[in-house]
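Below: one structure, written as structure tokens.
Atom set for the values below is all heavy atoms of this structure, side chains included, hydrogens, waters and symmetry mates excluded. Small disclaimer: the values here were computed from a predicted structure and weren't measured. Order of the sequence lines sets the chain letters (A, B, ...), proteins ahead of strands, with each chain counted from 1.
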Number of protein chains: 2
Amino acid sequence: MRSYRQYCGLARALDVIGDRWTLLIVRELLIRGSARYSELQDGLPGIPTNLLADRMRHLQRSGLVERGRTPPAFRLTPRGQALESVVASIGRWASPLMGETHPKDAVRDHWFVLPMRLYLRDDKPAAGTAVMQIELPDQPVVLRTNGDGSVGAQPGRAANPDATLTGTPDAVMGVLSGRLTLRQAQARALRFDGDVSVLERLAGRA
Amino acid sequence: MRSYRQYCGLARALDVIGDRWTLLIVRELLIRGSARYSELQDGLPGIPTNLLADRMRHLQRSGLVERGRTPPAFRLTPRGQALESVVASIGRWASPLMGETHPKDAVRDHWFVLPMRLYLRDDKPAAGTAVMQIELPDQPVVLRTNGDGSVGAQPGRAANPDATLTGTPDAVMGVLSGRLTLRQAQARALRFDGDVSVLERLAGRA
DNA sequence: CCGGATCCGGGTTGATACTG
DNA sequence: CAGTATCAACCCGGATCCGG
């Protein structure tokens with residue numbers, strides 16, 4: 001992208017992250033922590049491979065991304081990680097746009113990790129760490145209380161979760177957000193196993 | 001812009017605000033409250049007139065902007081106003097990028113209104129409203145304590161300010177941010193008139 | 001002067017094919 | 001697996017033109 005050449009923070013930021021696809025690549029790395037080229041392609045349906053290569057070069061030159069060897073995976077630098085608050089802010093603004101699901105839109109289960117981080121809260125931060133396993137059709141996700149009232153979410157599987165939630169993204173997000181009761185969601189093929197108090201601790205008001 | 005066609009908040013937001021120039025237009029309206037077409041052009045050096053017209057149509061169709069008659073000025077809808085937190089978040093991320101001033105970059109005095117809103121804090125919210133007039137070379141700005149610890153900033157002139165700060169953007173921002181002492185800034189042709197306690201109340205730690 | 005519309009060259013993007 | 005190469009379509013930038 002051409003620079004705006006304006007002495008203005010917003011304009012200078014957009015010189016770095018304003019290119020098409022760039023912030024979506026940051027999203028993928030925020031969710032996954034580390035990702036290989038082919039994983040990025042899978043998480044960015046529609047991106048032309050030449051653009052992905054261009055953007056990764058640009059993000060490295062800009063100091064937002066670094067690449068590891070063995071395995072050859074990309075990950076965010078601290079400067080890139082700092083974009084989490086920007087992505088969260090945009091995500092919050094976007095929530096009214098998520099009401100209707102357009103049938104031609106692509107979906108990836110791991111995309112729901114960011115809304116989980118953004119909207120879930122831990123009601124009992126002093127009660128010790130709680131771990132919930134989420135089993136979406138194509139992607140397991142681990143929720144873990146951070147002890148400060150926030151809830152961590154990342155792709156993967158935990159060893160001994162206190163509870164497990166299995167179902168479609170819609171049913172799982174419905175229960176976690178409080179839009180659906182557990183009973184309503186179970187009517188939509190959602191399954192819950194384990195300690196119900198952990199679910200009550202995390203889900204509800206949102 | 002083409003839609004990403006992804007069921008993801010970030011992607012849907014970028015479908016609306018991800019086009020080149022769009023967020024900078026929002027910046028102009030956040031600063032000015034209301035602006036005519038030619039004022040937008042002045043605040044967006046380098047924008048082609050056809051793109052500005054395109055973007056304004058798009059912003060209106062998307063419900064972020066509405067236009068008044070008599071005078072024919074644009075202003076943000078509540079939905080557009082809600083982008084202030086997004087712009088603030090990006091601005092905060094961008095602050096490390098503002099260290100060096102590139103000689104070819106355009107500058108407009110009113111652009112400094114957003115960093116003022118973002119970084120200034122009122123040390124004595126209970127002490128009643130304080131008003132400071134800022135006289136930048138090309139643009140007067142009014143600072144006003146909001147009573148909740150935040151400080152409002154907008155282009156314009158106040159009737160009876162408690163204090164007046166006159167100088168270049170660099171000197172004014174230096175004093176307000178605490179990067180320069182009043183004495184150091186006065187050596188850079190900054191002038192201060194009025195109640196010094198008001199300056200101390202707003203400036204300092206940032 | 002204000003508020004655009006029109007036109008055109010060049011750069012960016014999107015889609016696909018190909019390669020070490 | 002991790003890209004490069006190619007090319008058409010589209011978007012952007014710069015200039016000019018136009019109606020009130």
May I ask you to decide whether Asp105(A) forms a salt bridge with Arg12(B), counting only side-chain N to carboxylate O separations under 4.0 Å?
yes
Closer than 4.0 angstrom, basic N to acidic O: yes or no for Arg20(B) and Asp54(B)?
no
Taking DNA chain C as the partner, which of residues 102-110 of chain B come within under 4.0 angstrom of it by heavy atom?
none
Output the residues of residues 63-76 of chain A in contact with DNA chain C, where contact means a heavy atom of the residue under 4.0 Å from an atom of the strand; sort by number or write none.
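Heavy-atom cutoff 4.0 Å gives no residues at all.
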Approximate separation, where rounding is to 0.5 Å, of [X] [atom1] and [Y] [atom2]:
X         : Y         : atom1 : atom2 : result
Leu120(B) : Asn146(B) : CG    : CG    : 11.0 Å
Leu24(A)  : Leu14(B)  : CG    : CG    : 5.5 Å
Phe112(B) : Tyr7(A)   : CZ    : OH    : 6.0 Å
Asn160(A) : Gln133(A) : CG    : CD    : 11.0 Å
Arg92(A)  : Ser89(B)  : CZ    : OG    : 10.0 Å
Met173(B) : Leu176(B) : CE    : CG    : 6.5 Å

Could you summarise the pairing of DNA chain C as dot-bracket text, marking Watson-Crick and G-U pairs under 3.5 Å with ( ) or [ ] inside the strand and | across strands?
||||||||||||||||||||
Arg27(B) and Gln6(A): side chain donor to acceptor below 3.5 Å
yes
Going by atom types alone, do Asp193(A) and Thr164(A) pair a side-chain donor with an acceptor below 3.5 Å?
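There is no such pair (donor and acceptor under 3.5 Å, judged by atom type) between the side chains of Asp193(A) and Thr164(A).
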I'd like to know if the side chain of [X] and the backbone of [Y] have a donor-acceptor N/O pair within less than 3.5 Å.
X         : Y         : value
Tyr4(B)   : Ile47(A)  : no
Gln60(A)  : Met56(A)  : yes
Thr145(B) : Gly147(B) : no

How many Å lie between [atom1] on [X] and [atom2] on [N], as a whole number?
X        : N       : atom1 : atom2 : result
Leu59(A) : dG3(D)  : CG    : P     : 13 Å
Arg2(B)  : dC11(D) : CZ    : C1'   : 12 Å
Leu24(B) : dG13(D) : CG    : P     : 11 Å
Leu52(A) : dA2(D)  : CG    : P     : 11 Å

Review item, nucleotides 5-7 of chain D N/O atoms under 3.5 Å of protein N/O:
from, atom 1, to, atom 2, distance (Å)
dT6(D), O4, Asn50(A), ND2, 3.4

Contact summary for Ile31(B) and Pro155(B), nearest pair of heavy atoms
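Taking every non-hydrogen atom into account, O-CD, 3.2 Å.
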Which pair of heavy atoms, one from Val175(B) and one from Thr181(B), lies closest together, and at what distance?
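That would be CG2-O, 4.2 Å.
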Kindly state which residues belonging to residues 33-42 of chain B come within less than 4.0 angstrom of DNA chain D, counting heavy atoms of the residue only, listed by number.
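Close to the strand, none.
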Those residues of residues 7-22 of chain A lying under 4.0 Å from DNA chain D by at least one heavy atom
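Nucleic-acid contacts, sorted: none.
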Here's a test of your reading of the structure: between Asp54(A) and Ile47(B), which maps to the more 5' nucleotide of DNA chain D?
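The residue closer to the strand's 5' end, by nearest nucleotide, is Asp54(A).
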Sort and list the pairs that fulfil salt bridge (Lys or Arg N to Asp or Glu O under 4.0 Å) and have at least one residue in residues 60-76 of chain A, not counting sequence neighbours.
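For residues 60-76 of chain A: Glu66(A)-Arg75(A).
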What residue pairs, at least two apart or across chains, pass salt bridge (Lys or Arg N to Asp or Glu O under 4.0 Å) with a residue in residues 144-169 of chain B?
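Salt bridge (Lys or Arg N to Asp or Glu O under 4.0 Å) check on residues 144-169 of chain B returns Glu135(B)-Arg157(B).
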Go through DNA chain C in 5' to 3' direction and return only the first and the last nucleotide with some atom under 4.0 Å of chain A's heavy atoms.
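First and last nucleotides in contact are dT13(C) to dA17(C).
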Less than 4.5 Å apart, side chain to side chain, heavy atoms only: is that true for Phe192(A) and Leu199(A)?
yes
Could I get the full list of side chain to side chain contact (heavy atoms under 4.5 Å, CB included) partners for Asp109(A), not counting sequence neighbours?
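Checked Asp109(A) against side chain to side chain contact (heavy atoms under 4.5 Å, CB included); matches are Leu136(A), Pro137(A), Asp138(A), Gln139(A), Pro169(A).
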Can you name the side chain to side chain contact (heavy atoms under 4.5 Å, CB included) partners of Leu64(B), sequence neighbours left out?
Trp93(A), Val16(B), Ile17(B), Leu59(B), Ser62(B), Arg79(B), Leu83(B)
Using distance only, find each side-chain donor-acceptor pair of residues 34-43 of chain A under 3.5 Å and give its atom names and separation, not counting sequence neighbours.
from, atom 1, to, atom 2, distance (Å)
Tyr37(A), OH, Thr49(A), O, 2.8
Tyr37(A), OH, Thr49(A), OG1, 2.9
Glu39(A), OE1, Arg36(A), N, 2.7

Looking at Arg55(B), does any N or O in its side chain come under 4.0 Å of the phosphate oxygens OP1/OP2 on dC12(D)?
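For Arg55(B), the contact criterion (side-chain N or O under 4.0 Å from OP1 or OP2 of dC12(D)) is met.
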